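What follows is one structure encoded as structure tokens, with my remarks underneath.
Just so you know, these numbers come straight off a predicted model, no measurement behind them.
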There are 2 protein chains.
Amino acid sequence: MNEIGLSRRATVHDVARAAGVSLATVDRVLNGRPGVRAATAEKVEAAIAAIGFQRDLSASLLARARDLKLTFIIPDGSNEFMARLAEAVRRRASQALSERMHIQTRRIKPLDGDALAHSLDGLDPRDCDCAIIVASQAPSVVAAVDAASRRGVVVMTLVSDLPDSQRRHFIGIDNVAAGRTAGALLGRFLPQGGKVAVIAGSLHLRDHADRLAGFAAVLEAEFAGVAIIGPIEGHDERSQTATLVGDLLARHPDLAGVYNLGAGNAGLVAALQASGRAGAIRVIAHELTEPTRRGLQSGAIDVVLDQNPDGEIRAALAAARSLALGGNGSAVIDPIEIGIFLRDNLR
Amino acid sequence: MNEIGLSRRATVHDVARAAGVSLATVDRVLNGRPGVRAATAEKVEAAIAAIGFQRDLSASLLARARDLKLTFIIPDGSNEFMARLAEAVRRRASQALSERMHIQTRRIKPLDGDALAHSLDGLDPRDCDCAIIVASQAPSVVAAVDAASRRGVVVMTLVSDLPDSQRRHFIGIDNVAAGRTAGALLGRFLPQGGKVAVIAGSLHLRDHADRLAGFAAVLEAEFAGVAIIGPIEGHDERSQTATLVGDLLARHPDLAGVYNLGAGNAGLVAALQASGRAGAIRVIAHELTEPTRRGLQSGAIDVVLDQNPDGEIRAALAAARSLALGGNGSAVIDPIEIGIFLRDNLR
DNA sequence: TAGGTCATGAGGCACGTACCTCAATCCAAA
DNA sequence: TTTGGATTGAGGTACGTGCCTCATGACCTA
């Protein structure tokens, strides 16, 4: 186990000695610099594996003497969850700075692929090593992500993924599983069956589409007595959602449940309360924000499925660090868990 | 905002200049070394605040040139969750090592305060900066924790807390909230009311006692139709739990629900299946392990509330680092969330 | 006033890696 | 064999902090 007498951590010097090469060559291999024959590089790799060398992150960051520049691009507007996300970024900024990561945040027009693409196009690799975006599904966005990657900006997706692009990593919950969870809970809440309405923000958002797919699959497979109405799109917007839900309630006096897989929950709660049927209808929503919190407390919402923004930002920063440093895409990032909140376990 | 011309991070040198003292004095203040007048120390603190200095963690760790020594003390035995916890520690070890944290793990006899106390007493501050323990509630443990603290070993609790001791930090979920969640779910699952049995491992464990309190409170306040049977103690042990649940099922042919807030889930599932009533009784359990996973898949268990061991270990390591370094107890640690799993969102 | 203690300053080395320059060596093609 | 580019070695400095020694001055007490 211990190739070096005392119990000391292996350093680049040890690697050089073990491989029978100079420090400079080890350095070239470790940092992917040119001018090393394949055979020599292999010798070094073998030595690294043999003595179990691990680059000292502290020393590495220190020696680089340069901050990692990160840019978060987050939708603006009335979406409370996005505000929460931006707030989480702000909270982490100072801690991140002490770990040599410099964070910049941009807010852009929501649900607008072109705005996102344009913002990405404006990223200069000299002042942005890594961009973290909440992706919308659009060809122009895919093109902009790929272009940024070619320019040398690592792109990661957050909350909503963009699988067919050059994005290096996705940070967020498993949205299909989230939808399944909602379906499994709602099914158990309605042992007699009934009509359940589904509300989305926009099915062009990958996360919304995934949730819908999971939800519908579970109800179909396990709860045949439950019928789905919709999905209807409220564009993550309070007043639009309120109007739509109002119509819905008027048209279906026997509605037994609602699953809002997008935002706009303030409108949902308002419409439920206006109809006088809040509490009589089982409601599941997403993201613990002020409106959903109030909805839980008043009894208008039964369950909120939550993705922890702080956890996501932490994971994003960790991923950015290892992507920008290690270079090898095999960073160990633990998945984001789906949280659950009822009135009785609100924080 | 930026007191130093260029956008460069503030260093100890900047602090010294701003405070009008020497580097040595800044160093003495920063690291709590003696030989500084109170007035001078205040000047330095003021300068730190004014220019927003933050110690560079990388450089600090590097300069110490010494690993942080951590010792995890985790119950042994058949408790699957504890095995999962130990496994999570093992998985993190190598990453932690590259961040200069050396991890050691001890497994001790479960549910035995004296074994834990004895293990703590054996900790030498020279080879353990910080001990992370799964606490059982016993006077001998409190005494051992306090003694270790006096010797200079920082103690943190994991999963089960020990509030009246010198432990510096607790890492784990809010177990009262977890119990409330179980109660709120089970109540909604049983709109007609009915009898619900509660099984615990040992009420001497703080986490078990907290869960019970939360569970009972919600049922009493919101679901008057649901009656609690128990709690009965299965000592987190498979066969004991199976026997107890077998008796329970025989004595209560009309049992509508079970909440197992401890371990021993393999026994619970076995007894349910032996009785032929699995699937007809709503069951909520804790911790996603092999037995609970199988229970979910077979339909014997409806919901598993989970605390993510990987997340807990990550949080523990972060806390240990900032405690051992910063010294000030005000480390920003984000709370561990309660995860929820049904058959349909198993990972 | 002499001797002592305490507070502070000045300076330097170390930690492990990144990145630079310059010289030396190797190898293949001419 | 010569030439020239590719490869490798040797050695240095820098990053920001921790920790050490030694010198200096201030202040107190006998």
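- We find that CD1 of B/I51 is positioned 13 Å from P of D/dG16, with the value rounded to whole Å.
- Closest approach to the A/L62 side chain among D/dT8, D/dC15, D/dT17 is made by D/dC15 (side chain taken as heavy atoms from C-beta onward).
- The CZ atom of A/R28 sits 12 Å away from the P atom of D/dA10 (whole-angstrom rounding).
- Rounded to whole angstrom, the span from the CG atom of B/L23 across to the P atom of D/dC19 amounts to 14 Å.
- Checked against B/L158 for a side-chain contact (heavy atoms from CB on, under 4.5 Å), the options B/I73, B/I171, B/I336 give a single hit: B/I171.
- With the nearest nucleotide of DNA chain D identified for both B/A24 and B/D56, B/D56 has the one nearer the 5' end.
- In this structure, the nucleotide among D/dG9, D/dT7, D/dT17 sitting nearest to the side chain of A/R37 is D/dT7.
- Between A/T25 and the phosphate of D/dG9, there is a side-chain N or O to OP1/OP2 separation shorter than 4.0 Å.
- A side-chain hydrogen bond (donor to acceptor under 3.5 Å, both in side chains) with A/D310 is found for one member of A/R84, A/R91, A/R92 and no other, namely A/R91.
- Defined by atom type and a distance below 3.5 Å, a donor-acceptor pair is missing between the side-chain atoms of B/N308 and B/R314.
- Interface remark: the B/R33 side chain does not form any donor-acceptor pair with the D/dG18 base, using a distance-only criterion of under 3.5 Å.
- Residue contacts shown for B/D27 include a base, since a base heavy atom lies under 4.0 Å away.
- Counted by atom type alone, A/S160 and A/R206 present zero donor-acceptor pairs between their side chains at under 3.5 Å.
- Both A/S58 and B/V36 lie near DNA chain C, and the one whose nearest nucleotide falls closer to the 5' end is B/V36.
- Inspection of the A/Q166 and A/D146 side chains reveals no N or O donor paired with an N or O acceptor under 3.5 Å.
- Using modelled atom types, no side-chain atom of A/R167 and backbone atom of A/I132 make a donor-acceptor pair closer than 3.5 Å.
- Bounding nucleotides for the chain B contact on DNA chain C, 5' to 3', at a heavy-atom distance below 4.0 Å, are C/dA7 to C/dG16.
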